[in-house]
Asks: 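Questions regarding the structure given below will be posed in turn.
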Amino acid sequence: MTTDRVRIAPSPTGPLHIGTARTALFNYLHARHTGGTFILRLEDTDVARSSIAYEKDILDGLHWLGLRWDEGPEVAGEAARGPYAPYRQMGRLPLYAEAADRLLAEDKAYPCYCTAEELDAERRRLEAERRPPRYGGRCARLTADERAAFEAEGHRPALRFRVGEGSVVIDDIVRGRVEIDVANLGGDFVIVRADGTPLYHFTVVVDDAAMRITHVIRGEDHLSNTPKHVLLFRALGHEPPAFAHLPLILNPDRTKISKRKSQTAIGDYRAEGFIQEALVNYLALLGWSTGTEEEVLSLDELVERFDLRAVNKAGAVFDRERLEWLNGQWIRRLEPDDLIGRLRPFLEDQLAAGRIDRLPEEGELRALLPVIQERLPRLGRIGDLVGFLWVDELHVDPADLVPKRWDRPTTVDGLRAARETLAAVGEVSWEADEIEPPLRALAEARGWKAGDLFMAVRVAVTGRRETPPLFDTLVALGLRRTLERLGTAADLLSLEALSGT
RNA sequence: GCCCCCAUCGUCUAGAGGCCUAGGACGCCACCCUUUCAAGGUGGAGAUCAGGGGUUCGAAUCCCCUUGGGGGCACCA
């Protein structure tokens, strides 16, 4: 019994892209759901644009998302996995050369001596005539003598594949039957550059055949090119695999998602504090749904429910708001230790950026979790949320200090009274339950609305009007610093008053 | 220009002829909870199912046309 073999084949010409990640995920889900094999192959034949740094970003990103491949290239000292190594195309050059020789020998491909200038001129001429660009076939029927003449002049030929006539039918798993006349393929296409390096349409087919890929699951942008691949599979003597073309992820203006209009690097989402569970969950639901009303699903749950046949046809706009909501859902589901661990790097970033002056200890962070976990849409927001706890000198805007219903003298009065009250609570009783009653009593005694007093205290000790619950915040801050900040704020306000501003 | 694909609330989607006077989620608006902010709860606004023809007793669902949108047409991947 043969099992499904699928692959993700990114090119290291940029950081891991959201579209690549989504395609990888769908391949992964299909492989795991069917008990098949998920293969990673690096398409690095565009040497000029490929880089090792991008390769690392892509591998790290896929790993971070939890998409482990069963077969793939050697990385960081670890040997390649799988029987079809190498899994980097630049290491497979001899295979392409061998395949190209075969096509050449069988006259299914031919050398083309046209120069870039000639091809360009032809393309422009067609465009001017409002005709679709296509290769006219100038070199398709060169005699041996003519070829020899070009060679003698020192021309290095590219290799073109003979497209022939007729039409190709694709039975796409998500789109159904698609028929394309090969006359619309743009003429015979180049499979090997003049410098001898093979091109994408060629390598992808040679490798998919060699690696026994059974299902090619990729973006819809490849649908129009699929006939080229089918033709090549046949020319090489292989049965084409099954195809499944996924709907594209779109910019808000409904064009194919692009770096120019959207945030496309997975690494950027990670850096903002989106967590892998949320990203995976969100990406899976772009173009696919379970058919039920479930939508917060783990990778394992997605695997369990995934079905290629249920994939949608229409493109899907990337909606960051919805991703943020899912991120919050997943952050709230994390175990305390897990969340603490994931928060660490973001706190270190805050420290490095000078936004805070020290790192909280583990126990400190743990005590805080109940009040911050549900207030964190992204891990990167930790500094905005409670960074004031770990700064030496708090900057408070005097304008924010005065509650709406209060004036400046009342506020100074309130802050000083609160300071005295809290000082009386003392170190040993410094707990939320012990802090609240005396402050409420103070408000009542003075005829203040408790909320107004709390707001003045809140701003005085945090510098913000929006914070986690006040008493938990005061506990986290500690008695000493609470009194200190209350005093500083009161002094600040009364000084402002004296200077008449 | 040519070829291909697509078309349900702003967005992601459910819907595979009668269960749909179209369901859910995000976002938005109210209210509840409440020391602020979140979270949570309740309710609401929001889609003549792009338009027009068919087929059928019956169409969001099937067919055709139109319109709109997208993608592809490289010695990029």
Side-chain angles (χ1 to χ4, degrees), chain A residues 9-11 13-14 43-46 48-50 112 114-116 119-120 123 126-127 129-135 157-160 170 172 175 178-181 183-187 189-195 197-201 203-204 219-228 245 247-248 250 252-256 282 285-296 312-326 328 332 371-377 385 403 436 439-440 443 449-455 457-459 462 464-471 473:
Chain A
S11 359
T13 53
E43 310 221 324
D44 55 354
T45 55
D46 186 350
R49 293 197 299 148
S50 294
C112 170
C114 295
T115 63
L119 295 171
D120 224 52
R123 196 170 7 252
L126 288 167
E127 206 164 296
E129 291 171 22
R130 325 222 71 181
R131 300 285 309 150
R134 86 192 316 274
Y135 177 64
L159 200 60
R160 277 186 194 273
I170 301 153
D172 194 279
R175 265 142 233 287
V178 177
E179 182 171 357
I180 298 177
D181 191 321
N184 296 312
L185 259 29
F189 57 93
V190 174
I191 56 176
V192 180
R193 295 182 181 91
D195 70 3
T197 55
L199 257 12
Y200 168 75
H201 293 307
T203 58
V204 75
E220 192 202 331
D221 46 352
H222 288 286
L223 185 57
S224 297
N225 285 323
T226 302
K228 294 179 183 174
H245 286 93
L248 297 179
L250 273 22
D253 65 4
R254 306 203 73 88
T255 53
K256 181 166 82 161
Y282 180 69
L285 264 20
L286 267 190
W288 173 74
S289 74
T290 60
T292 69
E293 284 174 5
E294 308 173 291
E295 43 192 0
V296 182
N312 297 136
K313 297 184 181 64
V317 173
F318 188 90
D319 181 4
R320 188 191 160 97
E321 298 271 16
R322 194 170 153 82
L323 170 60
E324 264 201 34
W325 170 75
L326 260 180
R332 271 167 241 138
V371 294
I372 63 177
Q373 191 156 12
E374 69 193 25
R375 272 167 252 266
L376 227 36
L385 191 59
E436 182 170 357
L439 274 185
R440 283 194 186 277
K449 283 194 160 261
D452 291 334
L453 176 63
F454 295 168
M455 182 53 82
V457 172
R458 181 193 319 281
V459 176
T462 69
R464 326 184 113 258
R465 305 185 71 93
E466 300 162 4
T467 71
L470 182 59
F471 311 112
T473 302

Asks: OP1, OP2 of rC12(B) versus side-chain N and O of Arg254(A): anything below 4.0 Å?
Replies: yes
Asks: Can Arg458(A) and Thr462(A) be counted as having a side-chain donor-acceptor contact under 3.5 angstrom?
Replies: no
Asks: Picking from rG24(B), rG1(B), rC37(B), which would you name as closest to the side chain of Pro133(A)?
Replies: rG1(B)
Asks: Which nucleotide in the set rC4(B), rC37(B), rG27(B) lies at the smallest distance from any side-chain heavy atom of Arg375(A)?
Replies: rC37(B)
Asks: Is there a side-chain polar atom (N or O) of Arg320(A) under 4.0 Å from OP1 or OP2 of rG27(B)?
Replies: no
Asks: Just do the salt bridge (charged side-chain N to carboxylate O under 4.0 Å, His left out) check on Arg440(A) and Glu436(A) with the steps written out, would you?
Replies: CA-CA 6 Å; Arg440(A) 283 194 186 277; Glu436(A) 182 170 357; 2.8 Å; yes
Asks: Please work out whether the ring planes of Tyr200(A) and His222(A) are parallel, tilted or perpendicular, with thresholds of 30° and 60°.
Replies: tilted
Asks: In terms of side-chain heavy atoms of His222(A), which of rC37(B), rC75(B), rA77(B) is nearest?
Replies: rA77(B)
Asks: How would you label the contact of Pro377(A) with the nucleic acid (heavy atoms, under 4.0 Å): base, sugar-phosphate, or nothing?
Replies: nothing
Asks: Watson-Crick or G-U wobble partner for rG58(B), using a 3.5 Å limit on both distances?
Replies: none
Asks: Taking any heavy-atom pair under 4.0 Å as a contact, classify Arg134(A): base, sugar-phosphate, or nothing.
Replies: nothing
Asks: When the distance from CG of Asn184(A) to P of rC5(B) is rounded to whole Å, what number comes out?
Replies: 11 Å
Asks: Taking atom types as they are modelled, is there a donor-acceptor pair under 3.5 Å from the base of rG71(B) to the side chain of Ser224(A)?
Replies: yes
Asks: Ignoring hydrogens and angles, does a donor from either the side chain of Arg458(A) or the base of rU35(B) sit under 3.5 Å from an acceptor on the other?
Replies: yes
Asks: Output yes when at least one side-chain N/O atom of Arg175(A) is less than 4.0 Å from OP1 or OP2 of rC6(B), else no.
Replies: no
Asks: If you only use heavy atoms from C-beta on, which nucleotide in rC26(B), rG70(B), rG40(B) is closest to the side chain of Thr255(A)?
Replies: rG70(B)
Asks: With no hydrogens and no angle check, is any side-chain donor or acceptor of Thr290(A) less than 3.5 Å from a backbone partner on Thr292(A)?
Replies: yes
Asks: Taking the six-membered ring of Phe189(A) as reference, does the cationic atom of Arg160(A) (NZ for Lys, CZ for Arg) lie under 6.0 Å from its centre and within 45° of its axis?
Replies: no
Asks: rG15(B) and rA7(B): how far apart are their P atoms, nearest whole angstrom?
Replies: 13 Å
Asks: Is the distance from OP1 or OP2 of rA77(B) to the nearest side-chain N or O of Arg49(A) less than 4.0 Å?
Replies: no
Asks: Just compare rA77(B), rU36(B), rC75(B) and give me whichever is closest to any side-chain atom of Met455(A).
Replies: rU36(B)
Asks: Under 4.0 angstrom, heavy atoms only, what part of the nucleic acid is Gly287(A) near: base, sugar-phosphate, or nothing?
Replies: sugar-phosphate
Asks: Using purine N1 to pyrimidine N3 plus N6-O4 or O6-N4 for Watson-Crick, or N1-O2 and O6-N3 for G-U wobble, each under 3.5 Å, what pairs with rA39(B)?
Replies: none
Asks: Between rU35(B), rG40(B), rA77(B), which one does the side chain of Leu199(A) approach most closely?
Replies: rA77(B)
Asks: Rounded to the nearest Å, what distance is computed from the CD atom of residue Glu220(A) to the P atom of nucleotide rG70(B)?
Replies: 12 Å
Asks: If the C1' atom of rU8(B) is compared with that of rA59(B), how far apart are they to the nearest Å?
Replies: 14 Å
Asks: Whether Asn312(A) contacts rA14(B) is assessed here as follows: a side-chain N or O lying under 4.0 Å from the phosphate OP1 or OP2. Is that the case?
Replies: yes
Asks: Which one, rA14(B), rU36(B), rC5(B), comes nearest to the side chain of Ser289(A)?
Replies: rA14(B)
Asks: Distance criterion of 3.5 Å, no angle test: do you see the side chain of Arg131(A) paired donor-to-acceptor with the base of rC2(B)?
Replies: no
Asks: Measuring to OP1 and OP2 of rU36(B), would you say a side-chain N or O of Thr467(A) lies under 4.0 angstrom away?
Replies: no
Asks: Measure the distance from CG on Leu248(A) to P on rA77(B) and round it to the nearest whole Å.
Replies: 19 Å
Asks: Would you measure the distance from the C1' atom in rC3(B) across to the matching atom in rC49(B) and give it in whole Å?
Replies: 29 Å
Asks: Are any side-chain N or O atoms of Thr473(A) and backbone N or O atoms of Pro468(A), one a donor and one an acceptor, separated by less than 3.5 Å?
Replies: yes
Asks: Just how far, in rounded Å, is C1' of rC75(B) from CG of Asp46(A)?
Replies: 11 Å
Asks: Between rA47(B) and rU61(B), how far apart are the C1' atoms? Round to whole Å, please.
Replies: 16 Å
Asks: How far, in whole Å, is rA22(B) from rG46(B) if one measures between their P atoms?
Replies: 11 Å
Asks: Heavy atoms under 4.0 Å, any strand shown: does Leu470(A) hit a base, just sugar-phosphate, or nothing?
Replies: base
Asks: In whole Å, measure the gap between the C1' atoms of rG18(B) and rC6(B) for me.
Replies: 27 Å
Asks: Rounded to whole angstrom units, what separation is found between the CG atom of Asp195(A) and the P atom of rC75(B)?
Replies: 13 Å
Asks: Can you tell which of rG71(B), rU13(B), rU36(B) lies closest to the side chain of Asp221(A)?
Replies: rG71(B)
Asks: Have a look at Ala314(A) and say if it touches a base, only the backbone sugar-phosphate, or nothing, with a 4.0 Å heavy-atom cut-off.
Replies: sugar-phosphate
Asks: Going by an N to O cut-off under 4.0 Å, is there a salt bridge joining Lys256(A) and Glu220(A)?
Replies: no
Asks: Measure CG/Leu453(A) against C1'/rU35(B) and give the value in whole Å, please.
Replies: 10 Å
Asks: In whole angstrom, give the distance that lies between atom NZ of Lys449(A) and atom C1' of rU34(B).
Replies: 13 Å
Asks: Ignoring hydrogens and angles, tell me if any N or O in the side chain of Arg254(A) forms a donor-acceptor pair with the backbone of Leu250(A) under 3.5 Å.
Replies: no
Asks: I want to verify a distance call: between rU11(B), rU13(B), rC4(B), whose nearest atom is closest to the Asp319(A) side chain?
Replies: rU11(B)
Asks: Under 3.5 Å, side chain of Asp181(A) to main-chain N/O of Ala183(A), donor-acceptor pair present?
Replies: yes
Asks: Name the pairing partner of rA22(B), where a pair is Watson-Crick or G-U wobble with both distances under 3.5 Å, or state none.
Replies: none
Asks: Judged by each residue's nearest nucleotide on RNA chain B, which is more toward the 5′ side, Ala116(A) or Val317(A)?
Replies: Val317(A)
Asks: Identify, between Tyr200(A) and Leu250(A), the residue whose nearest nucleotide on RNA chain B lies closer to the 5' end.
Replies: Leu250(A)
Asks: Between rU67(B) and rG53(B), how far apart are the two C1' atoms, rounded to whole Å?
Replies: 14 Å
Asks: Tell me which nucleotide, if any, is Watson-Crick or G-U wobble paired with rA50(B) when both distances must be under 3.5 Å.
Replies: rU66(B)
Asks: Is there a side-chain polar atom (N or O) of Thr45(A) under 4.0 Å from OP1 or OP2 of rA77(B)?
Replies: yes
Asks: Checking the side chain of Arg175(A) only, and the main-chain atoms of His245(A) only, is there a donor and an acceptor separated by less than 3.5 Å?
Replies: yes
Asks: Please state the P separation for the pair rU48(B) and rU34(B) - nearest whole angstrom.
Replies: 41 Å
Asks: With a 3.5 angstrom cut-off on both distances, give the Watson-Crick or G-U wobble partner of rC3(B), or none if there isn't one.
Replies: rG71(B)
Asks: Without decimals, in angstroms, what is the distance between Asp181(A) CG and rC5(B) P?
Replies: 13 Å
Asks: Is a donor-acceptor contact shorter than 3.5 angstrom present between the side chain of Arg123(A) and the base of rA74(B)?
Replies: no
Asks: Using a cut-off of strictly less than 4.0 Å, decide whether Arg193(A) has a side-chain nitrogen or oxygen near OP1 or OP2 of rA77(B).
Replies: yes
Asks: Does Lys228(A) have a side-chain nitrogen or oxygen under 4.0 Å from the phosphate oxygens OP1 or OP2 of rG72(B)?
Replies: no
